[in-house]
Every structure is written in C-alpha cells, then in structure tokens.
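So the structure is just underneath, and the comments pick up after that.
First the proteins, then the strands, lettered A, B, ... as listed; each starts at 1.
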Protein chains: 2
Amino acid sequence: MATMTAEQRRAEAKAEFDAYMETCPTSRLMAVLGNKWTTTLLNRLADHGTMRHAELARSVPGISAKMLTQSLRALERDGLVTRHVTAAVPVQVDYTLTVLGETLIPIVATVRAWADRHMPDVEAARGRYDGARAGEAVPSPRDR
Amino acid sequence: MATMTAEQRRAEAKAEFDAYMETCPTSRLMAVLGNKWTTTLLNRLADHGTMRHAELARSVPGISAKMLTQSLRALERDGLVTRHVTAAVPVQVDYTLTVLGETLIPIVATVRAWADRHMPDVEAARGRYDGARAGEAVPSPRDR
DNA sequence: CTGTATCCCATACGATACTG
DNA sequence: CAGTATCGTATGGGATACAG
C-alpha cells in the first residue's frame, strides 16, 4: 500500500540505526543510565541496601509513583535489581541490587565524582554561551 | 485566570523538580551523556583529535546532519568541545575537545569497559524477562 | 561544506484517579 | 501499601529541503 511507504522508510532507518547501535554497548548502557531516575535509584539502593517501594518514594524527592514503579521495573528487567513480594495485609515489596547491579555502583560513583568536581564548570560554560548569544556583552573570560 | 491553573501547576512541579535536580550534578551529567550521540562523538574526538564536520559525519554511521550539528552545539555550549571556523571557499569547521572535555574521556572509558563486559548480561536478563512475560513457557536461560 | 528551517513521530515524564 | 490505567505535554530525534 502507498500508506506503507513512510512507515517502511522509518522501519529501514530504525533497522539501520539499530544495526549500528547493536554494536555499541556503551550507547545502550547510556540509554539506561540516561533515564531521569536511574542513577538516583541505584545510589539509594546502594546506600540503604534493600528498600521498600514507599521507602524509595520518600527517599527520592520529586519522583511520581508512576515513574518510581516504571523505573524499578526497567531495572528489574535489566537484571540490575530484584523485586521481592511479601504477601501480607498491606502487601510489602522489597527492592535490592543484584550482583550485576552492584558491579555498576563503582561506575556510577566514578561518574558522580566527575560530576561533583566539574559540573560547575559546565554550568558556567552554559551561562557564558547563553549570555553571549543573548546579546549581553560578557564575551569570554577563560575558554580552552 | 482559570487558564493559568494548569500551566501554573506545571510550573510549580518543574520548579520543585529542578530544586532537587539542581542539587544532583550526577543526574545533570547523565542528562548530557544520555543523549543518543554524546558518548560516540566524545569518543571519536578523543581518538582522532581535531575533526571536521563531514569527517565526524562519516565517522558516525547513522547520524543525521541535523543531529550531528545539534549534538556538537550542545557539547560546545557545555564547554566540552570547541568549534573553530576557518573562512575559505568551502567553509571549514573543526571540532576539538577542550581540556574539560578531555577529563571526561576516562570516565566514558570506564563506562565503556563496564558496558563491554556486562551489557550481554543485561541483554540476557531482558530476554528472560520478556520471554517470561510473553506467556511463553521458556523461563530458562535458553529461549528461541 | 556546513548549517538552518519545517514537519512529524515516538517516547519519556508527570498528574490524576482508581484497584487488590 | 503497591500498582495500574488514562490522559496530557515536552522533548529527542529523524527526513527533507533549502541557504550562506
């Protein structure tokens, strides 16, 4: 059908892209860690060990119930956390890092260390870039 | 006005979120690295040193001209790469990592090392999870 | 060669409301 | 308590065409 053309085009493009991305584990990992709450959740679990749903919710300000569940599901699917249900009057669900998940913690810690040290520089660069583009003087104190 | 309510709600929510995210450099960094082409471009520049626009385009299969420019602009804004224009008959634009950008390379390398070693495990976990949910028996490590 | 402008789709994220 | 369902918006990302 003629209506297939556009969709087909997109399918091809996606296939082409995936063919490349398939060979790039780094990108695939970043797609996981790049999600808004992933690193935060991993860090909380690393710090507190096993945690309940509500406990995590309290521990991570701003996260919605939906995103909490969704993010944890994704991590479970990726084999990074386990989900344990305890049948009780109020159901109790515990989340824990898997051994695989634990191996990821030092990596996140490394990233965190760089972020703590250098993100201010990045923010400053953004300010300079945006300020300069906004027509404001402030050309460039120190770049490169 | 009544029409402000929804928009105002969202503004508050965003403010609340930003207030938290502002305190979390790691999340902000991940938002950068999580973009589809960021790590790939950083790696290419780290490997080849200064590169031209077209050179990068050839070096990164599947990237569109738009995303190449857009990604590089973002990196420039963040102070991670410099953009140097050489006025000539066909304009020539070179991109290079800044010193700040170079400090990020070891971090990316660390991430890459984990990804190379453990992403297959993640993929396997996904296969198991999806296979089990699909109603197919095959709860075992070998499906297909 | 390098970059911009449009258009459009897919998805991430959030608010709200509702089940076991 | 934990989770699902539905809805809505914002943004990332790609195709195409055009311009300096």
Any A:Tyr95 side-chain nitrogen or oxygen under 4.0 Å from OP1 or OP2 of D:dC1
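The answer is no; no side-chain N or O of A:Tyr95 sits under 4.0 Å from OP1 or OP2.
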For [X], all residues meeting side-chain contact (heavy atoms from CB on, under 4.5 Å), sequence neighbours excluded:
X        : value
B:Ala115 : A:Pro25, A:Thr26, A:Leu29, B:Met119
A:Ala46  : A:Leu97, A:Ile105
A:Thr98  : A:Thr82, A:Leu100
B:Val85  : B:Arg83, B:Val91, B:Val93

If you take any heavy atom closer than 4.0 Å to DNA chain D, which residues from residues 46-55 of chain A end up in contact?
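Nucleic-acid contacts, sorted: A:Arg52, A:His53, A:Ala54.
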Could you identify which residues of residues 68-81 of chain B place a heavy atom less than 4.0 Å from some atom of DNA chain D, listed by residue number, or say none?
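Under 4.0 Å from DNA chain D: no residue of residues 68-81 of chain B.
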Within this structure, what is the [atom1]-[atom2] distance for the pair [X] and [Y], rounded to the nearest 0.5 Å?
X       : Y       : atom1 : atom2 : result
B:Lys36 : B:Met67 : NZ    : CE    : 7.5 Å
B:Arg52 : B:Thr86 : CZ    : OG1   : 8.0 Å
B:Leu72 : B:Ile63 : CG    : CD1   : 7.0 Å

Spacing of [X] atom [atom1] relative to [N] atom [atom2], expressed in whole Å:
X       : N      : atom1 : atom2 : answer
B:Arg83 : C:dT2  : CZ    : C1'   : 8 Å
B:Met67 : C:dT4  : CE    : P     : 13 Å
B:Asp94 : C:dT2  : CG    : P     : 8 Å
B:Lys36 : D:dG12 : NZ    : P     : 13 Å

Can you list every salt bridge (Lys or Arg N to Asp or Glu O under 4.0 Å) pair that touches residues 90-112 of chain A, not counting sequence neighbours?
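For residues 90-112 of chain A, and leaving out neighbouring residues, there are no salt bridge (Lys or Arg N to Asp or Glu O under 4.0 Å) pairs at all.
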When you get a sec, tell me which of C:dG3, D:dG12, C:dA12 is the closest nucleotide to the side chain of B:Asn35?
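Of C:dG3, D:dG12, C:dA12, D:dG12 is nearest to the side chain of B:Asn35.
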Taking the minimum atom-to-atom distance to the side chain of A:Trp37, which one of D:dG3, C:dG14, D:dG14 wins?
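So the nucleotide nearest the side chain must be C:dG14.
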Polar pairs (N or O, both sides) under 3.5 Å between protein and nucleotides 18-20 of chain D?
none

Looking at B:Val32, is its backbone amide N or carbonyl O close enough to the side chain of B:Thr38 to form a donor-acceptor pair, meaning the two atoms are under 3.5 Å apart?
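Yes, B:Thr38 side chain to B:Val32 backbone: donor-acceptor pair under 3.5 Å.
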Find the bend of the helix from C:dC1-D:dG20 to C:dG20-D:dC1 as the angle between its two terminal axes (five pairs each), to the nearest 10°.
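The value is 40°.
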For the pair A:Arg44 and A:Glu55, find out whether any cationic side-chain nitrogen is under 4.0 Å from an anionic carboxylate oxygen.
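Looking at A:Arg44 and A:Glu55, the cut-off is not met.
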Mind listing the closest non-hydrogen atom pair of B:Pro61 and B:Ser59 along with its distance?
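That would be CD-O, 3.3 Å.
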What residues, two or more places apart in sequence or in another chain, satisfy salt bridge (charged side-chain N to carboxylate O under 4.0 Å, His left out) together with B:Arg77?
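Only A:Asp130 meet the salt bridge (charged side-chain N to carboxylate O under 4.0 Å, His left out) criterion with B:Arg77.
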Using the ring-ring contact (aromatic ring centres under 6.0 Å, His included) rule, collect all pairs that involve residues 96-115 of chain B, keeping only residues at least two apart or in two chains.
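Non-adjacent pairs meeting ring-ring contact (aromatic ring centres under 6.0 Å, His included): B:Trp114-B:His118.
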Show every ring-ring contact (aromatic ring centres under 6.0 Å, His included) that has at least one partner inside residues 60-95 of chain A, sequence neighbours left out.
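Sorted pair list comes back empty.
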May I ask you to verify whether the side chain of B:Lys66 and the base of D:dG14 hold a donor-acceptor pair under 3.5 Å?
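Such a pair is found, so the answer is yes.
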Closest-nucleotide mapping onto DNA chain D: is A:Arg58 or B:Ile63 further toward the 5' terminus? I mean the 5' end.
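Nearest-nucleotide comparison on DNA chain D picks A:Arg58.
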